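All values reported here derive from a predicted model rather than from experimental measurement.
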There are 2 protein chains.
Amino acid sequence: MSSSPAQRERRDRMLKAAMKLAAEGGYDAVQMREVADDAGVALGTLYRYFPSKVHLLVAALSSRFEQAEAITERRPILGDTAHERVMKILAGTTVSLQKQPQLTEAMVRAFMFADASVLGEIEQVGDRLTRMIARAIAGSPDHGEATEEEAAIIRVIADVWMSALVAWANGRSGASEVEKSIDVAVRLLLPD
Amino acid sequence: MSSSPAQRERRDRMLKAAMKLAAEGGYDAVQMREVADDAGVALGTLYRYFPSKVHLLVAALSSRFEQAEAITERRPILGDTAHERVMKILAGTTVSLQKQPQLTEAMVRAFMFADASVLGEIEQVGDRLTRMIARAIAGSPDHGEATEEEAAIIRVIADVWMSALVAWANGRSGASEVEKSIDVAVRLLLPD
DNA sequence: CCAAATAATAGAACCTGTTACAACTTTTGG
DNA sequence: CCAAAAGTTGTAACAGGTTCTATTATTTGG
């Protein structure tokens, strides 16, 4: 049941190959046969690890957020108000995602396109995002229990952020509008 | 350049066929060959009108919002506060969409999956949504110019609503959570 | 009304995600 | 160490979105 080192490496290679292809050509360029080839595994193996292209790309997004989350875990987040701290985290992550537009496009579109069968991976992404925002609000790495109201606010902020990324990914809006959207939402939802 | 009555009818038949299939089986059940058959047109004709399955389904969403918008245009929206009025419109539309879960799933997923080539249709949907919310805020059918801040707030509300629909469409959340999400966002963004 | 342009049709072909399967390799429990 | 189980491979086949083409209406400008 648990995975051997060889299996972890295989999984990494597949994810890495997918992200490389995505970074170069976006969603459409991530072709399952090519991912398998580049990762040096058989097509069937790729499908054993990731039941579909969407699973694969959402897993990639999750791993990307894992990094982002790790950063916020290391040290307290700077900023005097919850607003400032949340913006610091989200704007920072946004900028980092925007450095690889095609990769972001691929992952975000997969995330939004995902159906019920991808629930596990989707919730993983959602949970990571929730924890990041919760920490930013609290201002410290340890997560005090969020109230129901706080949880709802966090969900709204996460929704706005993902939607803004979608709009950016498909060319509807520019980088500055993404930041603007988040800023409005955060400012109004988390008044100083 | 302009379209003849026959063409409008053809377009309607194709949209209707797509929506029927979607209503019965969701996104996957909308198969282009079958849409063409059911609409009584050749596959090539379907593609002449709608360059892709996503275009087709986003156009369907747009037509659905057109109805919703028409309703809000007819009479002033009831409710004492902007919050009440916006909730009335959005919750009402949500309930109506939820009566055909599979159709909604198909349209919403297409909308979120859409790439840059669908920009026109996407903006149409966005504009309709924006106008509806703006009217609900204003409380009357005539649209006073929205301030920049109002526009940003409207965008955030629309984002939250679409995200909530996505979560509902793929089974992550139930009907009540959709309403809850919107309510939190609207309450905080549009304090009485 | 006619010729050119435009639209529609039927059908095959193509591409890529997904599935199926038979042979082979690695891991695991005893 | 061995047999069973689980994992991997390579390849073929299938499915549905999309493209292409030759042919046949239909529309339109003169």
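- Residues of residues 42-49 of chain A having a heavy atom closer than 4.0 Å to DNA chain C, listed by number: A:L43, A:Y47.
- Note that the CG atom of B:L103 and the NZ atom of B:K20 stand 13.0 Å from one another [nearest 0.5 Å].
- One distance of note links CZ of B:R64 with OG of B:S96; it measures 4.0 Å at 0.5 Å rounding.
- The 12-atom threshold is exceeded at CD of B:Q102, counting heavy atoms of other residues, nucleotides or ligands nearer than 6.0 Å.
- Separating the CZ atom of A:R10 from the P atom of C:dT25 is a distance of 14 Å, rounded to the nearest angstrom.
- In this structure, B:E34 places its CD atom 9 Å from P of D:dG16, rounding to the nearest Å.
- Proximity of residues 112-125 of chain B to DNA chain D (heavy atom under 4.0 angstrom from any strand atom) is not detected for any residue.
- Going from atom CG of B:L56 over to atom P of D:dT18 covers 10 Å, rounded to whole Å.
- Atom NZ of B:K53 is separated from atom P of D:dT18 by 8 Å (rounded to the nearest Å).
- Between B:R33 and the phosphate of D:dG17, there is no side-chain N or O to OP1/OP2 separation shorter than 4.0 Å.
- Using a distance-only test at 3.5 Å, with no hydrogens or angles considered, no donor-acceptor pair links the side chain of A:S163 to the main chain of A:V160.
- At whole-Å resolution of the value, CG in B:L57 and P in D:dG17 are 10 Å apart.
- Rounded to an integer number of Å, the gap from CZ of B:F50 to C1' of D:dG16 is 19 Å.
- A salt bridge links B:E66 with B:R128: the distance from a Lys NZ or Arg NE/NH1/NH2 to an Asp or Glu carboxylate oxygen falls below 4.0 Å.
- A:F113 does not carry A:K53 over the face of its six-membered ring by the limits of under 6.0 Å from the centre and within 45° of the normal.
- If you take CD of A:Q31 and P of C:dC15, they are 11 Å apart, rounded to a whole angstrom.
- Within the nucleic acid shown, B:V30 comes within 4.0 Å of sugar-phosphate atoms alone, with no base atom in reach, counting heavy atoms only.
- A:M32 places its CE atom 19 Å from the P atom of D:dT11, with the value rounded to the nearest Å.
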